[in-house]
Each structure stands twice: as C-alpha cells, then as structure tokens.
Amino acid sequence: MNNSTQTFKSRYDAIVIGAGHNGLTNAAYLAKGGLDVLVVEKNDYIGGAAVSRELHEGWVYSNCSYVCSLLRQSIHRDLELTRHGLMIVPYSGTTNFSRTGDYIAEYSDHAMQYREIRRHSLRDADASVRYETDLMRYAKLIRHFLLRTPADPTSFKPRDMSEMMFMAKKFAGMGEEQVYEFIRFMTMSAGDFLDEYFENDLVKAMFSTSSIIGTALGVYSPGTAYVLLHHVMGDVDGAVGAWGLARGGMGAISNAIAGALREHGGTIRTSAPVQQIIVRNGRATGVALEGGEEICADIVVSNLDPKRTFTVIMDRNDIPADLRSKAENFKIRGSSGKVNIALTGAPDFPSLPGGHPLRHGSFQFLDSMERMERAYDDWKHGRWSDDPFVEMTQSSMWDPTLAAPGHYFVSCFIQYCPAEVAGGWTPEKRDAFGKTVIDQICNYSPNFRDLIAHMEVRTPHEIENEIGLTEGNIFQGELTIDQLMFNRPFPGYSQYRGPVKGMYMCGSGTHPGGGVSAACGANSAREILRDLKRPNVVPEDDVDE
Amino acid sequence: MPLQATLQPAYAIDHVHMGILPSPFHSRTSRLNLNQQWNEWNGFASAAYYSDAHIEYFSTRNTCGVFDVSPMRKYRFRGADAAAMLDRMVTRDVIAQAVDTVAYNVWCTDAGALVDDGTIFRLAEEEFMLCCADPCYDWFCLSAVGFDAVDITEISEEVAALALQGPTSCALLKAMGFTGIEDCKPFQIMRFAFASGEIMISRTGYTGDLGYELWLPPQDAKQLWDALFDKGALYGIQPLGDESLEMARLEAGFLAPDVDFHGSLHTVQRGHDHSPLELGLGWILNFKKAHFSGRAALLAQKESGNYRRLLKLDIEGNKPAEHSILYADKKCATEIGYITSAMWSPVVKANIAYGLVDAKFFKGPIWAEIYHQKELRWQRKVARCTRVTKAFWSPERARATPPPDC
C-alpha cells in the first residue's frame, strides 16, 4: 500500500484529497470516466476510517468503522469489488444485557424475534410488527435518494425541477396521512417515537441504541428518530436492516475500491498531507503539500469533512465569508470513542447458555432509555460517561482472517465521550475512559478482563489526530435535519460543488451522510463528470426497483 | 407350486418404511434444525436450512460448512473388467484415471442424451465407487453387458458422507488430527484411521470453494459429526441445508439434475432431454479414448455446432430470473429459451442465472421476462442478460495445494 518505487507526476486531471473509502470511490469513478486521477493521503496507509491494521501481532483491527450495511450494492457490483477482494458477510444476533441479569436479543428469524420480545411484553411483541412496518416505509422512501444528487429547492434549472418532482412523487406515493407522519418522524426524538409503540423499558432500550450512535444528542433530543432510521435503512443482499462485516476488516472495502481505482489507471500517493488547495483567478488549480510541493489539476476534490475543508485547507481569502462562517458553525461534535481489544479466548457471558448462537453476536448493555440519557448528561458536562453505552462487536467470531482460531478481535463503540475535557486529554485520562468500558463489560462477563492481550483506546482526540475527522465525528457532521439532503453540508452547497470552479466535495459530510455507503464519493463523481461534459459512469441504485 | 396361496403373518414381511428416512447423521442434524425444515432426497430427510440460509451459505465462502450427503446414491464396481466397463459407459478416460483420485463424469444414451452425472472414485486398480444424486443401478447393469468380470453393488446405506466446504475446512481437518491433508490435491483421495475403522477424505465438493468430502461407515457417523463441531467451533463451522448448498453450487457453475437438465431415461417428450454439449460439458467428452456410449452422436453434434447452449448469465437488476422465459428482444416477440436456475449471488453481488438458449440465438441479445412479487402484487420486468464465460465464483484457494488456513 505504500508508495515504494512509484514516481509521481506534477500534473493530473483530478486530485482527490484523502484516501478514505469515499475519496477512493470518487477517484475510481473519475478514472473510469477517463480522467487521470491522483489520490493524496496524509497517512502512510489508505482507508481513512474504513481500515484494517495489525495493531498487535496476530490480531487485525478494524479499528474505526467496524460493520457495514449502507455500502451501495450497485457500486460493489459495478466496480467488481468482489473480484478486488471484498466480501460482505452478514452477521446476526444482538444481545442487550440488563442489570437484572436477563437480556433481550434481536434475531433474524421473525418468529424467534417475536417470542423474544413477548418474553418481556406481549403487547410490545405485537407492536413490533407495526413499528417495523412504519420504519420500513420510511426506509424505503429514503433509500431512493441515497445514490442521487439532492435537488436544490431554490433552483429553477430543469434538472433541479425534475429532481424535485421525483422527490414529490415518492413522497406523495406514501399517501397524505403518511406524509404528515414522516415529517413528524424526521423532527422527533427516538425516545418519543419509541414511546408511541412500546411499553417495556428493555424493549425500548434495545430499539433506541442506534438512534444516538455517532451523534452528540440524547435519545430524547429531537432529530434522533432519523438517526435511528439511518442505521436500519441499509441492507445486506436486500435484507433491509441487516448488517454485515467486511471479511478482513473494514479496510477490505477501501482496499477493494483502491484495486478498482488502480485498474482504471488511477494513482494513490500516501504520506502526502495537503497543506492547502491552491486557488488562482477564482478556480482551483491544484494542491500544495506540506513541505511545499505543488501538484496541479483542474479538478480538486476534498474528501475531508466540511469543517476541515473550509477552515483548514482552503484559505479564508479564497472562499466567501458566509461559507467560512457556515463551516465554522457546522455541527460536527465528537461524542463517541472506540476501544479495540485483542482477546486470547472467548469471553463468558453467564446469562447466555453455552453454545447459544447469540454468543457470536454483538452485545450491548442498556436496560432503559433513561440510562442512555444519563450517559448523555455526563457528556453535556464535558465528561465521559461513567456508565457508558457500549456496543461490543465480536468481529472475529465471524471472520477467521482477523485472529488465530480461539483468539478474538473485539470492537467496542462507546458513547458518550467528549472531544474536549477539562484540562485537555492526556494518556491517563484516555486510559481512565477505557477503564469505564472494560468495567461495564465485566459487569456482565467476569472473565473478560483476564483475556485481554492488547487494547487500543481511542477518544475523539485520537480519532481526529489520526484520521483527521474533526472531533472524531464518525459521520463527518451530524445527521440532523438541518444538515441533511439539500442542507448537507450547507444550504447552497449540497450538489458537491465547492465555492470556486473546479473544487468539489466527496466526503460523508455531503449527502447522504456517513455510514460507509460510498454514495457520497459516487454522487460527487457524477457531478464532476457532468461539469466536464463527459458521459456518466456512475450506476443507478438498485434498491427498490 | 400349490394353487393355494401361503399366508405369511404381517410381522414376517419386510414392509416398506412409511414416511421419511433418517440419515446416519439425523440425531445430530435434527437437533440443529431449529425450525424442523426438511426436504426429501431419495427418501431421506435433508435439511432445507438449519437457522438462516443466508448465514449458512456464507460459511462456504468465509469459514466452513457441513452438508450431509449421505442420501446420495453410491455404487461399487469391482472386478477385472470394472475399469473397462465404466470407460465404455462414461465420457472421460477411466482406464487412465489414477488410483486414489476422483473424476466428475457423465453417462449418455447411444443417442448422446445425458442419463446422469456423478463422480467416479478409483479406490484400487479394480475397484471404483460411483456417486450420483439419483438411483441408476439398472442403467449400470445395462451398460455392463458384455463385461463379465465386474460386480456392481449398491452401497448407499453402507457409506455415510459429509461435505465439509469453505476456506477454513483444511485448517479444521488438520486440527482434528488428519495430518497431511494439506497435501491432498483437488480430486485426490486420502485415508486416515478414525473411530472403529477408516475414514476416506476426498478433496471434492459442490460449492466451488476449498472443500472436502468425508466418507466412513455409518456406525462412526455421529462420532465424526461431534468431532467436526467440537473442533469446528473455533473455525466458524455451520451446518448447511439444501438452500445454501443450492446457492453455492450455482455460483460455482455446477449443474443440478432435474433442475438444469432432465435425465434422458425419464424424459417423455422429444427434445426435453439434453446432450452434455448443450450443458457446457464439452470439456469432459474424451473423443480420443476408445468408444463410449453416445460417442458417435456427440461427435456429430459437436461438428455441426447446431445445438442449444446452457449459458451463464449476469442479469441487470436484482430480481432473480426464476422460471423466466428468454427472448431475443426487449419486446419479447422472439422466444429463444428459458432459465433453469437463478439467484442473487451474495458473494459476487450479481443477479446470476443459467439459461438454455436455442442454437440460432445464443450469440445474440438475450432478454429475460421476470415476474416478482411486492407485497403480494405481481410485477413484470424485462431485463437484459449478459453472457459470462467463467464460473461466477472460483477462488484461488480452491486450487492451491497446500491451501491457506482461512
């Protein structure tokens, strides 16, 4: 993956800044469209937040993003990512442990799922059908828009008008009553939404967890109902709501896209941090690397988050003041951390019978939405939660390539963890944050601690420093309605075009947002090729034909 | 014979077993078959799926899966004429086949119509085992005419068999103590001491991935299953049902009898059976060896080029083209063939199928008329089909010796 013997030119048709999966996707489609493309990456490895690294000998860590559901199947198919080494393996079974010693689990089998909820509440088991149906209706609606450029509602261009019509038709297709419900849903809190369906605290806790992931909001904050939807609208092979693992870790996604990019003639240059996007006479002309080297291109695409793009690598004199102010005020708050762990054996969870399939699934430890709200209270006060929400994914129970048989890689996603703490982050504070996570897990798995061979603790501080995501925000900007669709990242900038000619955005700070979908990169490439009057090579989505 | 019938009491008669039969692994498979979903295969219960076909299927591509192949029909051919007799019956060279190897074969009528396909195991110079999906004993006896020194025995119930398929299958067998299995080449046979006697392991399978088939006496079946699942826990082992195996075999480019072809012996309608050439099996027709059944007819057909083609198709969209009719045009005016098998391929992320297309049309455009249901309502679409020449799934590890551990 490193540059080794490669030599690089000083001019390309297009330069993409950042070799995360969206940057690579963008570059792959530009290359497929006939451009001579260079991807520059600050780290000495590619992948951004979709990365696999052997951080402890014998264990491969998927140490940022860890599961996958939104990756557009049509992009996988079109770029032949399987041939380039990608396999998305579905996994199942999330268990949510309660402090009472019991648990509630999610099963892929419908009858088992029903019986499991019924164990806790008969009414909720029945209500879950209504809940799933309503959520599926919204998911089906949103899925139409993932691989499309948002319409500009203020524009009278034929293309925007026709895109608005497309949107209006899809909305109207739901029926008047459902349109009202959907608008209400988009502005609601996940807590209020779930309260309308369910009575049991544990049931609500189980469904609520995906509503705050990566978001600096609590379950009762307006807007979190959409975040919940964002986490259940993906699919694996058409099974909407299912999640998968990339065999070999999430880096397999980036590596496969990089393979497709190279096959189309593109170039990747690592250890090449960009100092600035060069703008001359109101148009982008290339990039200047740290160290002074300049590389020229008529097209410059930033895969960095909007805040970093417009406040760090673009000069304030090159962009409108209004945009600079929008970028500074962009909501991209750090709220989550990661603890990645190498285990020398399978942890014991006494609540689950030996050999039960749930033992291979992922684990959460939450018995009520109130507890989640309390964890959020800590964050508001600038502290990490001392009773944190932990989603523990036992990736290597499903993926034999990550660790030797009997050894396991475990990825823990933690909320909440602030980007800044009083007096600043130190290694001691970071480790204290890590300890709250291990303590939480050990409440349910007494032998967990004894099995740890190595552990990587990452607060927003570490994530920002290593990957460059501002505040370590996993979505490159929060997924609230003021920052979605034609408002993402900012009103007037939702069609991937930057403030100067030749400058574009392709990161998940653009529509449709984070979640390793590759859609942002692909949508952006479609717009660039359009501006260059080249034929479109980006496939249509195949979600609900 | 006296005119009066002799009555036997009912208990003295070996009555036919009512209902479905258990395979030698049934006590184990039935425990894992959570929803008791069974199909019938040669009278035996074969799991449709165990808990989730999608996840079980992926074990053949990601970890390893176990399929109970015991209901397969197995025959022993023994004697000085065994090799010569089989060589006349099947299309490949049996005389030249080395001891301890396996070869995929087909056998045809004199008219070149496919009777069945199966695998021939050369166990010794004068001993073979032949495995096929459906009973074929009568045809074997017919094919042995003129060969006196061959003894054909049905041994289906004497051999229990499991297919262990997937990237960790070799590592698991090594961990179970089958030392040296890593040197077993594709289509090779190895033997090991196991339980009360011997286990035969062949590097064969029906998934197109790295994999093995394990053959042993039925009395040792449970012990094998338990050993596999005990050690296999660390290797991601899953039981495989018919649904997941069906997906894997289609991706691998393998044919299913009575799905992709209709055996000649039970074909009533003219032209509803198939020649191996039509099915893309030209590569196993050995015209250089001595005479075999169907040779002249197949040679003539090959030279004429005038025969239907079973094509591998990649179809636009994601709706499987199950039961679709194929056309030469989007308007569906000219009918040119039909789909035999179709599915969404989870590993390749493509909408794949086999389609049998008339000789005149297989090089031209192909459209599939697909019907699919959305909340009960039927939808129709016409989708463009693209011909694919290679197997949809054919990983390097399936051919590597020694294979990788995962």
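Just so it is clear: chains get the letters A, B, ... in the order the sequence lines come, proteins before strands, and each one is counted from 1.
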Measure the shortest side-chain to side-chain distance between B:P395 and A:M87 over non-hydrogen atoms and say whether it is less than 4.5 angstrom. no

Could you verify whether a donor N or O on one side chain and an acceptor N or O on the other, from B:N351 and A:D542, lie under 3.5 Å apart? no

Name, in order of residue number, those residues of residues 395-403 of chain A that have a heavy atom at a distance of less than 4.5 Å from a heavy atom in chain B; otherwise write 'none'. A:W398, A:D399, A:P400, A:T401

Are there over 12 heavy-atom neighbours, none belonging to A:E177, within less than 6.0 Å of that residue's CD? no

For residues 58-65 of chain B, give me every residue with a non-hydrogen atom less than 4.5 Å from any non-hydrogen atom of chain A. B:F58, B:R61, B:N62, B:T63

If you count heavy-atom pairs under 4.5 Å between each of A:E540, A:H76, A:H360 and chain B, which one has the most? A:H76

So what's closer than 4.5 Å to chain B heavy atoms on A:S92: side chain, backbone, both or neither? both

Using a cut-off of 6.0 Å, state whether more than 12 heavy atoms not belonging to B:R384 lie near its atom CZ. no

Tell me, side chain or backbone of B:D405 under 4.5 Å from chain A's heavy atoms, or both, or neither? neither

Looking at B:K231, I want to see if its NZ is surrounded by more than 12 non-hydrogen atoms of other residues, nucleotides or ligands under 6.0 Å. no

Testing the basics here: between B:I55 and A:Y91, what is the closest heavy-atom pair and its distance to 0.1 Å? CD1-C, 4.3 Å

With the side chain counted from C-beta on, respond yes when B:H54 and A:V236 share a heavy-atom pair under 4.5 Å apart, and no when they do not. yes

Should we say atom CZ of B:R380 is surrounded by more than 12 heavy atoms from elsewhere, each under 6.0 Å from it? yes

Within 6.0 angstrom of A:H110 NE2, more than 12 heavy atoms from elsewhere: no

Smallest heavy-atom separation, B:L234 atom then A:P405 atom, equals O-CB, 3.8 Å

State the OG1-NZ distance between A:T82 and B:K349, to the nearest 0.5 angstrom. 6.5 Å

Let me know if A:Y107 has heavy atoms under 4.5 Å from chain B in its side chain, its backbone, both or neither. neither

Does B:Q36 have more than 12 heavy atoms from other residues, nucleotides or ligands lying within 6.0 Å of its CD? yes

Do A:R77 and B:D314 sit within salt-bridge range, that is, some charged N less than 4.0 Å from a carboxylate O? yes

When you look at CZ of A:R118, are more than 12 heavy atoms from neighbouring residues, nucleotides or ligands closer to it than 6.0 Å? no

